[in-house]
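Here's the structure, in structure tokens; my notes come after.
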Amino acid sequence: MNKRVRVRFAPSPTGGLHLGGVRTVLYNYLFAKQQGGDFIVRIEDTDQNRFVPGAEAYIFDTLAWCGLVPDESPVHGGPFAPYRQSERKENYRQYAEQLVKNGFAYYAFDTPEELETKRAQVPNFQYSHATRSGMCNSLTLSEAETADKRKGPYVIRIKMPESETVRFTDMIRGEVSFNTAQVDDKVLLKADGMPTYHLAVVVDDYLMKISHAFRGEEWLPSAPVHLLLWKYLGWETDMPQWAHLPLILKPDGNGKLSKRDGDRLGFPVFAMDWTDPRTNETTVGFRERGFLPEAFVNLLALLGWNDGTDSELFTLEELVQKFSMERVHRAGAKFDFEKAKWFNHEWIRKVPVDHYRQQVQLLLEQNGITIQDQAVLEKVLQLVKDRCTFLTDFVQQTSFFFRTPDSIDSAAIKPKWDSTKNLFFTELIRAWQLSTLWEATDLEKEFKELAATNQLKPGELMLPFRIMLVGGKFGPGVFDIAAIIGKEETVHRIQHTLKLLA
RNA sequence: GCCCGGUUCGUCUAUCGGCUAGGACAGCCCCCUUUCACGGGGCAAAGACGGGUUCGAUUCCCGUACCGGGUACCA
């Protein structure tokens, strides 16, 4: 039973990839890489009505941003191509027919409208062992009638046993069992010839030699259908091990986290910006909001898993090493944006500034600031990174290094402003203009000495000085700022504010 | 309704029968910093409920409650 580990992420291209989806990919990826196995992405586009253009490309862009590279996929290729179920359409019918032949499935001719009215008439109607004798299918029709009906549209349904216990061991939940009496005769092959998820997932997992199948908890109720299909198709010994991942819940109240919760509560739910081609509406993503992929991956990994120690910061490589399905929590987790922010802040500080220098530069350019000297940018980033939670915070925190502030909060200075302070700064300008040294420590020393000779406390002068240079009450050490922007600009900004105060 | 799953501080979680129930985020207080942060120190905060099993239950079993998921020719 030591087969090669092969896992798959099987999204349907119906929209942006949200938190829960990315976490499912991540757990798949971590497990595969740790076991030296293969990580496969298979596109489950069996529902032609729900197809959304651009959604597939978006999924791969997201994976690329997160650094989760598939070994096999429709874009990366692989020995089991094609990896799009719509392109594998011809595969499925034979298996459905085989099931019918062996008595595990049957043809059903009831139209969607008939089913709809049935459901309207009979509360909780289920197409099952209890009701199928009253419906129109190959079990109730003669062979000749069936053959005739087959000329028109029909579906193939699984014939669930009347009362059988189906059990399996879930890697996260342990022993889980179902009574087949409760589950209905799911459609396996649709009237358009496409398989439903139920058939397609089993057939493709088998054909692609998937060893472990990880998916969201919402799939647990249909697990008995899948288990039985593996058995009926005669593939039982090749069945993958299952793990049903806990859901990610909305932060307030209860329920699965949805895109709407993000809009409502002001945080991203999708990994990257997603524009719905039908409505042209854009939903903001973690990336555009200013998250580092390192942080995004890290926070997702910890939403439902931990390594058993107090450590919380992990690189992808560390996660690959430490991840284990056994340590995945069973219960759903409410998403906490505050904690997400903390992760990002930590990663902005932890990672070399070089990792996001270009992105910050781009953000600055969007705000009309062009960077001439990369070395200066890097120095500045190093200086302010501790105060940035999002990449976008760098704009406010660094602009004044490259551009004279367009507004000066002189109101913060005025109340305590007087002629002695005015004189101090005038003298400061004179002194610095003569100065040949321009290191932060030199500036601080001169500043304080001059304050002393004027019988002023340096503290009273620091805030005004900061506002002259920065425009407001924020930013790193003032002398560091002065050192970087240079003598000319420093003097210029002091003079400018002095004029404002006059 | 029925089926399945879940239930430890506000939130994410640790604990694999011995607990003064640990950590992190958020909150509050103090220190550092005459900006904003970072950092350091501290405070407050939890085992849904009821039965068993056991010398001992947060941990095992049963029931109840609550929450979630599913109940489509969607995935």
Side-chain angles (χ1 to χ4, degrees), chain A residues 10-14 44-47 49-50 85 108 110-112 115-116 119 123-128 153-157 170 172-173 176-179 181-184 186-198 200-201 215-224 244 246-247 249 251-256 299 302-313 326-327 329-343 345-346 349 384-389 393 396-397 409 412 457-467 469-470 472-478:
Chain A
S12 59
T14 53
E44 311 233 321
D45 53 351
T46 53
D47 186 354
N49 303 320
R50 294 216 307 161
Q85 289 183 330
D110 320 83
T111 66
L115 291 172
E116 214 173 295
R119 273 188 267 267
N124 311 121
F125 172 78
Q126 294 237 105
Y127 208 118
S128 69
Y154 63 91
V155 302
I156 294 179
R157 287 180 182 272
D170 186 280
I172 297 172
R173 283 149 221 286
V176 183
S177 66
F178 302 85
N179 189 314
Q182 308 294 337
V183 348
D184 60 340
K186 292 276 180 241
V187 169
L188 264 21
L189 198 74
K190 301 187 258 188
D192 65 1
M194 274 289 198
T196 59
Y197 172 82
H198 306 296
V201 76
R215 63 199 341 184
E217 193 188 340
E218 70 268 27
W219 289 108
L220 205 43
S222 52
H244 291 88
L247 267 14
L249 278 14
D252 62 335
N254 296 298
K256 245 196 316 190
L299 75 91
L302 271 283
L303 215 49
W305 171 87
N306 70 85
D307 78 337
T309 73
D310 288 340
S311 310
E312 295 189 277
L313 264 16
E326 292 70 37
R327 291 204 64 87
H329 202 73
R330 291 190 216 325
K334 288 187 186 176
F335 178 67
D336 180 7
F337 191 54
E338 290 306 317
K339 185 82 182 225
K341 279 156 72 174
W342 176 78
F343 273 110
H345 187 37
E346 290 298 315
R349 298 174 55 194
V384 306
K385 65 177 184 177
D386 282 354
R387 359 185 140 234
C388 297
T389 297
D393 292 341
Q396 197 220 21
Q397 290 291 340
D409 182 11
K457 278 183 275 186
E460 293 179 81
L461 301 161
M462 303 266 278
L463 186 68
F465 187 37
R466 163 175 301 282
I467 288 170
L469 297 189
V470 175
K473 288 196 255 188
F474 59 93
V478 267

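So you know, we letter chains A, B, ... as the sequences are listed, proteins then strands, and number each from 1.
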Between the base of B:rA24 and the side chain of A:Lys339, is there a donor and acceptor pair under 3.5 angstrom? yes
In whole Å, measure the gap between the P atoms of B:rG27 and B:rG63 for me. 43 Å
Give A:Thr111 one of three labels, base, sugar-phosphate or nothing, depending on what nucleic acid heavy atoms sit under 4.0 Å from its own. base
Footprint string (nucleotides 27-44 of chain B, 5' to 3'): B base within contact, S backbone only, - free, heavy atoms under 4.0 Å: -------BBBBSS-----
Suppose you measure atom P in B:rC2 against the same atom in B:rA48; what distance do you get, rounded to whole Å? 25 Å
Could you give me the CA-CA distance, side-chain angles and deciding distance for A:Asp47 and A:Tyr197, then say whether side-chain hydrogen bond (donor to acceptor under 3.5 Å, both in side chains) is met? CA-CA 9 Å; A:Asp47 186 354; A:Tyr197 172 82; over 6 Å; no
Between B:rU53 and B:rC60 - C1' atom distance, rounded Å: 8 Å
For B:rC16 versus B:rU58, give the span between their C1' atoms, rounded off to a whole number of Å. 12 Å
Remember a base hit wins even if backbone is also touched, and classify A:Ala191 as base, sugar-phosphate or nothing at under 4.0 Å, heavy atoms. base
Nearest-nucleotide pick for A:Asp184, side chain only, options being B:rC73, B:rC3, B:rU71: B:rU71
In this structure, which one of A:Arg173, A:Arg215, A:Glu217 forms a side chain to side chain donor-acceptor pair (under 3.5 Å) with A:His244? A:Arg215
Integer-rounded Å distance: B:rG69 C1' and A:Ile172 CD1: 15 Å
Would you mind classifying the nucleic acid contact of A:Arg327 as base, sugar-phosphate or nothing, using non-hydrogen atoms under 4.0 angstrom? sugar-phosphate
Does anything in residues 306-313 of chain A reach RNA chain B, meaning a heavy atom under 4.0 Å, and if so which residues? A:Asn306, A:Asp310, A:Glu312
Starting from P on B:rA24, measure out to NZ on A:Lys334 and report it in whole angstrom. 22 Å
Please work out if A:Arg50 contacts a base, only the sugar-phosphate, or nothing of the nucleic acid, heavy-atom cut-off 4.0 Å. base
Do other residues, nucleotides or ligands put more than 12 heavy atoms under 6.0 Å from the CD atom of A:Glu116? no
At 4.0 Å (heavy atoms only), tell me whether A:Asp110 reaches a base, stays on the sugar-phosphate, or touches nothing. base
Same-atom distance (C1') from B:rG10 to B:rU20, integer angstrom: 24 Å
Does the A:Arg387 side chain pair with the main chain of A:Gly475, one donor and one acceptor, at a distance under 3.5 Å? yes
In whole angstrom, give me the gap between the C1' atoms of B:rA46 and B:rC12. 13 Å
What's the base orientation of B:rC25: syn (chi within 90° of 0) or anti? anti
Pick base, sugar-phosphate or nothing for A:His329, based on heavy-atom distances below 4.0 Å to the nucleic acid. sugar-phosphate
Using the C1' atom in both, what is the distance from B:rA57 to B:rG18, to the nearest Å? 9 Å
Can you tell me which nucleotide in B:rC73, B:rG69, B:rA72 comes closest to the side chain of A:Arg157? B:rC73
If you measure from the C1' atom in B:rC28 to the same atom in B:rA45, how many Å do you get, rounded? 12 Å
In whole angstrom, give the distance that lies between atom CD of A:Glu218 and atom C1' of B:rG6. 15 Å
Please determine, for B:rG50, whether a Watson-Crick or G-U wobble partner exists with both distances under 3.5 Å, and give it or none. B:rC62
Could you check whether A:Asn124 gets within reach of a base, just the sugar-phosphate, or nothing at all, counting any heavy atom under 4.0 Å? base
